[in-house]
**Student:** 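Handing you this structure, nothing more for now.
In this text, all values refer to a predicted model and were calculated from it rather than measured experimentally. Numbers restart at 1 for each chain; the letters A, B, ... are given by sequence-line order, proteins then strands.
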Amino acid sequence: MSTSEAREPRSGVTRRAVLTAGGAAAVGAVIATSRGAGAATQTGSIPFFGKHQGGIVTPAQGHLALGVFTVTTPDRQVLKELLSEWGRAARRLTVGLPLQEIYDGSYPPSDTGEALGLGAANLTLTFGYGPSLFDSRFGLAARRPVALVDLPPFDGDELDPAYTGGDLCVQACADDPQVAFHAIRSLAQLGLGSVELHALQVGSGRTSATTSDQRSARNLLGFKDGTNNLRSGDDALLKRWLWVGERDDQRWMTGGTYLVARRIRMNLSTWSSTPLTVQESVIGRKRDSGAPLTGTREHDKANFQALDPHGFPVIPLGAHIRVAAPETNGGVHLLRRGYNFFDGVDERTGNLNAGLLFICFQRDPVKQFTALQGDLARSDNLSQYITHVGSGVFACPPGIGPNDDLGASLFT
Amino acid sequence: MVSRQRLRRPLVAAIALATTSVLLAGCGANAHVAARTTTTIAGKVPSRAEQAAALFATTRYRRQIVQAAEGFSTSVNALDGALRSGDRQAAIKAWAAAQGSFDVLRPVLLGGPASSATYDGQLLAGSKTKGQGLHAIERALFQGPLSDGLAAMPELRAAGPQLVIGLFRTILQPSAIAVNQVHALGFLADHVLSSSQERVSHRDLVDVLAIIHAVRGGFNALHPLANLVDPKQLSATSTGLDQVDALLSTLPPGATDAEVPTEVWARLGRLVSVLQFDFGQLAGSTAGYSSGRYYA
Ligand code: HEM
């Protein structure tokens, strides 16, 4: 027997048992203890329960593991149970507890162990349902929100099916990459036989700030990213542009939001050979300070009307921030929460395979992401330096309370 | 108020705008490049020889662009005829020629520092997901019934003469010409050679040769000026281009992808990265030189 001091009863021990019968009580107890001590929250845990799911307006962590799953079971009840089980697992993982604490050494351990001792590392788990979940398989067609449709093709897209689509997604963000990876691996393990991991995308280095006290980080183009982002304190804007409202078509989504994920490869060797002034004109901001070309400090407001002495716009017409800004795009805002990725070397060209795992949240992906990306694909000068190679859209239900089951609102 | 009329504007308007910003690229692509180039040449009056070389670059590159536009127009008409008469071989030949001309035009129409015509260039290039442009033709020629290609023809046919008229006034200054070569090579690396590319015609060599030919043209245009202002970098760039040519000359003409050894693609990819760096350096050393019109 390894770590286990006490053996679980053999009968009825299944891979999942720890999170159901006796496991549930234990989870409650452990959560209560860590909360009671106040230590876990203080030292890096973000509550799993709440009005909204974590991982959206909570402070963006340093690392991402984005798991996208295909549901393989045809059985609605099995899917429902799996989601509840994932919810129970999420409670444990987000306070830094392993899936199981009492091991029977004659079985393979339920918890794979790689996050033992790493703590919660501010892990958040954000669950989402893809449009395909609402097909004929599970009787959910009538519950599909109108805003949840596959994204249309955009100019320049070169989507790889391996990074596109998916029935379910789980965005795991944490301050420690191994904690984020462990969470997705654990959920995949719990779902064996019912779901398959379609893609696991790993991102390192946040490219956004989601709270006013977070500083902007840099993307792999070297520019500050997330300067002009929706943030947790912008209540009126969040209500208007982020959270699904009571009057939107599906009540079960009230307080939820939609996640759009795009894997965007950067053509880094072209970018690195482009003069700095051209790079800055492509973005519309200065590289080092992050200031708009019409200002001197990062948070100076961009002046899109300013003209140079020749009568041309100081922030060029095709500059990324001009095309993307609410002032010029009909007011659309997004909450961006992306991560850098680096994934080896292209075997044919020797170029780095790296870029941005662009993730954004919004109240209506059709009116927000799709509208904006349509403009960017046509007019953004940055398009020449990037290629969208993966895509997905998911409905993220609202958060749950301690007595709720994850997924229950979808099925009732 | 600066509007965003760039979206979906007609091609001629797009080119006019492209040309305007190209003109602006006389001092760089925009105000910020202008600001920098002004600094670069502050206090230094270009010599007569430098001015003449800058003028040469501009006019020579313009000629290359206009010839490509004319070539594009002619090939597209030939393509149309071949598609209509169901002559696949003639259609493939005409498509390859049109593609070659478009490869010269691409950095001007799409994404170069002076480009303002993103949408229209995209339309001509076509996208993988939409039945448009040269990409749709390629698919029809190599994967589908020939008749599929006809749907994409009206836009391509209309574009030819418009490009010739619109690009006639192109004035790209030397630094911008160098950046265009960075872009052309970037397209080659990321969209032709990259292992993630979907292969349709299995004739990447058509694109490779056309792009390298176009880049050689840009290099020739820059040659006299670079020789005056940065001979060392000129020579490095020249060596890089020669290495690419030497590598490509080992291949049988008209080779399909399968006939090109994997190591050749890999070697080419690496040479292209170095060339991108070289042209990036040339963009720096030629910044601030213009055809003369923009020195106050
Ligand atoms: C590799 C791809 C991308 C890169 C490198 C990139 C980079 C940047 C940078 C450096 C900024 C300026 C700083 C800031 O305000 O955050 C910015 C702003 C912005 N980007 Fe992107 N971006 C990318 C893709 C996208 C996409 C796909 C969208 C949406 C469809 C988008 C939407 C925005 C928005 C809304 C802003 C703020 C504009 C403003 O109000 O000033 N970006 N991006």
**Student:** Looking at residues at least two apart in the chain, or sitting in another chain, which of them share a side-chain contact (heavy atoms from CB on, under 4.5 Å) with B:F277?
**Tutor:**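 Partners of B:F277 under the side-chain contact (heavy atoms from CB on, under 4.5 Å) test: A:S273, B:Q281.
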**Student:** Given side chain to side chain contact (heavy atoms under 4.5 Å, CB included), test B:H191 with A:T387 step by step and report yes or no.
**Tutor:** CA-CA 9 Å; B:H191 298 276; A:T387 311; 3.5 Å; yes
**Student:** Take atom CD in B:E259; do more than 12 heavy atoms of anything else shown fall under 6.0 Å from it?
**Tutor:** yes
**Student:** Residues two or more places apart in sequence or in another chain: which of them pass side-chain contact (heavy atoms from CB on, under 4.5 Å) with B:V244?
**Tutor:** B:I212, B:L248, B:L268, B:L271, B:L275
**Student:** Taking side chain as everything from C-beta outward and backbone as N, CA, C, O, which of these in A:D160 sits under 4.5 Å from a heavy atom of chain B? Side chain, backbone, both or neither.
**Tutor:** neither
**Student:** What distance separates A:W271 CH2 from B:Q276 CD, expressed to the nearest 0.5 Å?
**Tutor:** 13.5 Å
**Student:** Could you tell me the separation between the CZ atom of B:R267 and the CZ atom of A:R348, rounded to the nearest 0.5 Å?
**Tutor:**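 If we round to the nearest 0.5 Å, B:R267:CZ and A:R348:CZ are 16.0 Å apart.
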**Student:** Would a 4.5 Å heavy-atom cut-off, applied to side chains only, mark A:T349 and B:R270 as touching?
**Tutor:**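 Counting from C-beta outward, A:T349 and B:R270 never come under 4.5 Å.
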**Student:** So what's closer than 4.5 Å to chain A heavy atoms on B:V272: side chain, backbone, both or neither?
**Tutor:**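 Neither part.
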**Student:** What part of A:S269 gets closer than 4.5 Å to chain B, counting heavy atoms only: side chain, backbone, both or neither?
**Tutor:**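 Both parts, heavy atoms under 4.5 Å.
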**Student:** Applying the side-chain contact (heavy atoms from CB on, under 4.5 Å) criterion to B:D190, which one of A:I386, A:L268, A:T270, A:D346 satisfies it?
**Tutor:** A:T270
